Amino acid sequence: MPEETAFRQMDEKHVSVEVELMLWSPKFDLVALSNVQGEVVLHRLSWQKVWSVPAPAEDVKATALSWRPDGKVLAAGYSCGKIHLYDIENAQILHSLELKGEITCMNWISHTLPEGDVWSPDPYDEDNFNLFLPKLQPLSKSYGSVTKGPPVEECVEDSKKLGDQKELNLLVAGCGSCNLHLIAYGVYPVGVLAVSSPNDLQLVSIKSATISQDLQSLVLMGEFIKEGSDDNYYYVMTYDTTLFASRHKELRLLALKCGQVATLLGYLQSTVQQMSEAWEDILMEMDSKLLYFAEEKKKKGTSTVSNDFLELLMFGTPSVELQAFLLHELTEKGLKKLGHSIETSYSNIQKLVVKHLQVVSQAILYHLAELKGMSEWFDKFGVLGMNTSSIQKAVTAVGSFVLKTSELQQVIDDSIKNFKAFFRWLYVVILRFSNEKPPAELSKMTQHDINFVAEFLRDNFAHFSLEDDDYSIEELTGNAESKPGFKLEKVGQYLKKEDLHYPPSISGNPWTQYVRGSLHIKDNQILYPVQNNKSLVQLQDVIENSIEQALSKPSLVIGESLHCLSSLQLFDVSKGDQTDTFRPRFCQFTNVLTHMMYTVYTPGSVPCDQIIILRQPTDAEGSKLKTDGVIIKVGMLLQADGSMETDSNRCGNHKILDIGCYDEKTLSVLLIEDNEDQTPVLAQLHLGTIPEEMYKVVTPGGSVIESDLGMVDVGPLIEHQCCRHLDNMKAHSFAVSGTRKTATVLFSSRRRVRIFLMDAEEEEEEEEEDDEEEEEPEETEAQSGEGDTSGVTEGDIQVRETEEPEGQENKENDSFASTSME
């Protein structure tokens with residue numbers, strides 16, 4: 001006879017690679033896995049694979065997973081220090097961060113308002129930049145990477161999926177450098193906490209960390225060592241984060257604005273990359289051939305290349321060397337191919353400059369100007385670390401970049417015009433030398449056309465001479481910086497990380513002369529300096545560095561403002577016991593209604609005889625912070641009739657194998673019977689059943705001494721329908737979700753899982769009631785021809801949605817549920 005339990009087994013599935021981490025989505029029936037090969041895999045409740053992504057590099061593993069509270073973005077932290085935010089619809093990397101050292105823990109927390117309060121951006125308005133800035137056009141995918149999954153409508157301005165974010169949420173990430181990072185929306189770092197070390201200890205690793213949902217306090221668990229000691233010490237530390245709670249609306253505005261800047265910088269990088277790819281090496285072919293032609297003339301000691309071309313233009317008679325060069329080196333076919341390549345490449349680059357580069361650079365300038373205005377409001381934003389002078393440097397850098405884009409556009413215009421006239425003339429000359437009749441529309445040249453070609457020859461040929469200097473061909477082809485050669489192609493120099501070889505002359509510009517002569521306005525902030533000798537890519541680097549320096553200041557200031565309220569030693573372990581199999585379990589969560597932060601852990605490696613529950617108020621000041629705790633053990637479980645088990649086949653004591661937060665009132669525990677069979681048991685422990693008098697106060701700044709805490713055997717407190725024996729398996733760990741009412745238990749082989757629906761009886765009763773109520777409407781639907789709207793079944797691959805409050809519809813979830821994610 002099967003057990004009468006509220007846990008209904010959905011399925012049992014194999015996985016191809018050993019699983020290391022599992023985490024259920026808070027909003028959808030999706031579970032994220034990481035395996036020993038470093039892959040991150042997304043599965044549905046039916047275990048249909050949605051997508052998988054490989055590790056960012058070889059020998060890199062995913063060491064932490066966390067879901068954004070709305071379930072639309074998955075964060076994966078890696079052993080190399082990278083954090084990738086994945087779009088669950090197509091596995092696209094929305095954003096990347098790189099921290100120092102391995103990512104050891106991650107937790108994504110959303111700010112929760114007090115009961116009865118409704119979120120509002122007041123007293124601030126929502127960012128309305130869309131009213132003032134032109135819409136960015138999606139870049140061509142010809143140069144980009146191919147994303148997985150079905151194509152979705154691309155919104156460039158919201159490529160990081162921040163447009164629908166209301167309440168502030170923070171991704172809390174610990175890394176190998178022993179710093180704790182708080183990242184707003186997973187995109188913008190708003191705090192870097194250098195963890196203080198109690199009692200002259202040295203921090204080894206941050207095992208777990210979270211911030212309370214009212215943003216009042218942060219609690220982390222760390223592993224420490226002491227010089228000269230053979231023990232490792234585990235501490236729980238509490239930090240005051242009331243700055244986040246008091247300035248959560250300002251932090252939200254700052255994070256969303258900086259997230260928009262990051263989005264635009266990514267768009268700018270992609271645009272410059274496509275410009276570099278649109279520029280072709282064939283454009284240098286004309287310069288290269290002219291250099292070799294000049295070398296040949298040098299060996300023969302004849303006149304210069306410039307004189308040969310000018311004589312050909314003025315008198316129509318070429319030198320013997322020039323005629324041979326035009327007929328055999330350049331050729332009619334080569335000239336046509338070169339002209340086509342130049343026109344195509346320059347046109348593509350010009351489109352990218354006009355339609356994309358100029359638009360995005362002006363948008364960055366707009367957002368930085370707004371950030372500068374915010375920084376000058378010190379009481380609201382200045383206290384968060386926004387520095388006006390550093391932001392002004394970024395504004396100046398972007399302003400110079402905008403001017404450089406205009407300069408590049410002018411250079412492209414002039415180059416296209418010059419090349420067309422020059423190649424048209426050369427094409428007619430080559431045809432005549434070949435005794436072919438040129439087209440009538442090309443053979444006519446006015447005096448204006450002759451003057452235009454003459455100026456082109458003067459500007460690009462006259463500066464080059466081999467009469468007095470002895471240069472090798474390597475120097476002529478650009479390997480020597482002392483003397484530039486022919487440079488008809490002037491656009492490519494803007495796409496290299498080096499100074500311009502041929503910067504445009506601005507000495508005759510009246511405005512430039514005026515600014516240089518007016519010292520009182522020369523350094524004015526509203527005048528952007530013209531970086532005449534710098535390339536576009538060099539100024540792009542300046543932009544990125546200046547923006548990073550300006551926008552990183554708040555995270556440093558806020559991190560320094562966080563101070564430790566208390567530290568408690570949990571337990572210590574001998575280094576001899578610190579092996580690969582040493583696996584203590586940690587779990588942290590907040591009860592929003594009672595304003596209590598819970599820290600649950602096993603005081604040793606699992607399987608463990610007991611767990612310890614610590615709790616503390618989230619909004620207490622340092623002197624009033626009180627931590628109390630209780631020890632939990634699981635003895636004999638209840639029978640179905642409510643009596644204690646007396647069957648000799650059942651166990652009278654259980655060990656804890658894993659712990660997890662089901663919801664803020666319920667702790668999920670994975671047990672094993674303390675006998676030879678070691679049968680796993682999945683159980684739900686309602687925290688309200690633990691007697692209050694069993695919680696004992698822990699001495700502030702001291703240690704958690706187990707003998708001073710009350711011990712409760714929760715075996716009789718766990719109702720029979722709230723536990724299930726998992727026969728025919730050896731368990732390793734599990735993942736649960738209270739919002740989705742699901743659990744997945746991983747076998748000890750880590751190659752197989754069992755999937756359960758929790759509270760299944762309640763769901764079945766609700767479905768039966770719904771069926772009875774919908775009998776008459778179903779007849780009407782059948783008559784009207786409308787489709788069936790039956791509930792989710794075991795084989796259904798549609799994503800189940802979180803229940804919404806009565807009278808409201810979860811439109812976002814409905815939209816996602818209907819989206820194919822294969």
Side-chain angles (χ1 to χ4, degrees), residues 26-27 66-70 105-124 165-174 180-186 188 190-191 193 208-221 236-256 380 383-384 554-555 558-559 561-566 568 587-600 613-628 661-667 687-688 695 738-739 805:
K27 291 293 184 180
S66 189
W67 287 92
R68 198 169 75 177
D70 64 1
C105 63
M106 288 197 305
N107 206 345
W108 211 327
I109 299 299
S110 177
H111 179 220
T112 301
L113 298 174
E115 188 177 5
D117 287 1
V118 179
W119 185 88
S120 170
D122 295 338
Y124 307 103
Q165 298 300 291
K166 300 302 180 184
E167 296 89 346
L168 178 67
N169 61 63
L170 297 172
L171 177 61
V172 183
L180 191 67
H181 297 257
L182 296 98
I183 309 162
Y185 302 110
Y188 178 59
V190 292
L193 173 62
S208 177
T210 188
I211 190 169
S212 62
Q213 290 183 255
D214 58 9
L215 305 183
Q216 296 279 355
S217 62
L218 181 148
V219 179
L220 66 87
M221 303 180 70
V236 60
M237 307 180 70
T238 304
Y239 285 81
D240 179 17
T241 59
T242 52
L243 179 62
F244 287 97
S246 62
R247 290 289 181 269
H248 66 92
K249 291 188 176 182
E250 289 79 7
L251 279 170
R252 173 184 179 270
L253 283 178
L254 175 61
L256 291 179
K380 296 293 185 181
V383 294
L384 300 177
S555 65
I558 294 174
S561 72
L562 306 181
H563 62 278
C564 184
L565 296 177
S566 71
L568 290 173
C587 177
Q588 293 179 286
F589 58 94
T590 307
N591 188 319
V592 178
L593 295 178
T594 60
H595 297 281
M596 299 293 289
M597 174 78 81
Y598 285 82
T599 299
V600 186
I613 301 177
L614 300 179
R615 65 180 187 180
Q616 60 190 56
T618 61
D619 53 357
E621 298 178 1
S623 59
K624 299 179 181 179
L625 181 63
K626 183 183 72 171
T627 302
D628 54 18
C661 172
Y662 185 75
D663 57 38
E664 60 185 21
K665 299 179 182 178
T666 308
L667 189 68
L687 297 177
Y695 284 93
T739 56

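Quick caveat, the model's predicted, so the values are computed rather than measured. Along the sequence shown, residues are numbered consecutively beginning with 1.
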Nearest 0.5 Å, please: how far is CG in L168 from OG1 in T112? 11.0 Å

Got S566 and M237 here, is their nearest side-chain heavy-atom distance under 4.5 Å? no

What distance separates M597 CE from D214 CG, expressed to the nearest 0.5 Å? 8.0 Å

Could you tell me whether the side chain of E664 and the main chain of V592 form a donor-acceptor pair under 3.5 Å? yes

Of all residues at least two apart in sequence or in a different chain, which pass the ring-ring contact (aromatic ring centres under 6.0 Å, His included) check with Y598? F589

Taking it one step at a time, do T241 and I211 satisfy side chain to side chain contact (heavy atoms under 4.5 Å, CB included)? CA-CA 8 Å; T241 59; I211 190 169; 3.8 Å; yes

Nearest atoms (heavy-atom pairs only) where W119 meets E167: CD1-CG, 3.5 Å

Could you tell me the separation between the OG atom of S217 and the CG atom of D240, rounded to the nearest 0.5 Å? 8.0 Å

Least distance between heavy atoms, P26 atom then P69 atom: CG-O, 3.6 Å

Correct closest heavy-atom pair for Q216 and S212 would be N-OG, 3.2 Å

Of the non-hydrogen atoms in S110 and N169, which two are nearest, and what is the gap between them? CA-CB, 3.7 Å

Mind checking the NZ-OG spacing from K249 to S120? Nearest 0.5 Å is all I need. 5.0 Å

What residues, two or more places apart in sequence or in another chain, satisfy side chain to side chain donor-acceptor pair (under 3.5 Å) together with S208? Q588

I558, L215, L251 screened by side chain to side chain contact (heavy atoms under 4.5 Å, CB included) with L243, the one that passes: I558

Less than 4.5 Å apart, any side-chain heavy atom of N591 and any of L687? no

So which heavy atom on G559 is nearest to which on L193, and how close? O-CD1, 4.1 Å

Atom SG in C564, atom CG in L220: separation rounded to 0.5 Å? 8.0 Å

Stepwise side chain to side chain contact (heavy atoms under 4.5 Å, CB included) test for V383 and E250: CA-CA 10 Å; V383 294; E250 289 79 7; over 6 Å; no

So R68 and Q165, do their side chains get closer than 4.5 Å, heavy atoms only? yes

L182 versus L218: any side-chain heavy-atom pair under 4.5 Å? yes

Among residues at least two apart in sequence or on other chains, which ones pass side chain to side chain donor-acceptor pair (under 3.5 Å) with T590? none

Any donor-acceptor pair under 3.5 Å from T238 side chain to L565 backbone: no

What are the two closest heavy atoms between H111 and L113, and how far apart are they? CE1-CD2, 3.6 Å

What I'd like to find out is whether the side chain of I183 reaches to under 4.5 Å of the side chain of Y188, using heavy atoms alone. no

Distance (rounded to the nearest 0.5 Å) between M106 CE and T210 OG1: 12.5 Å

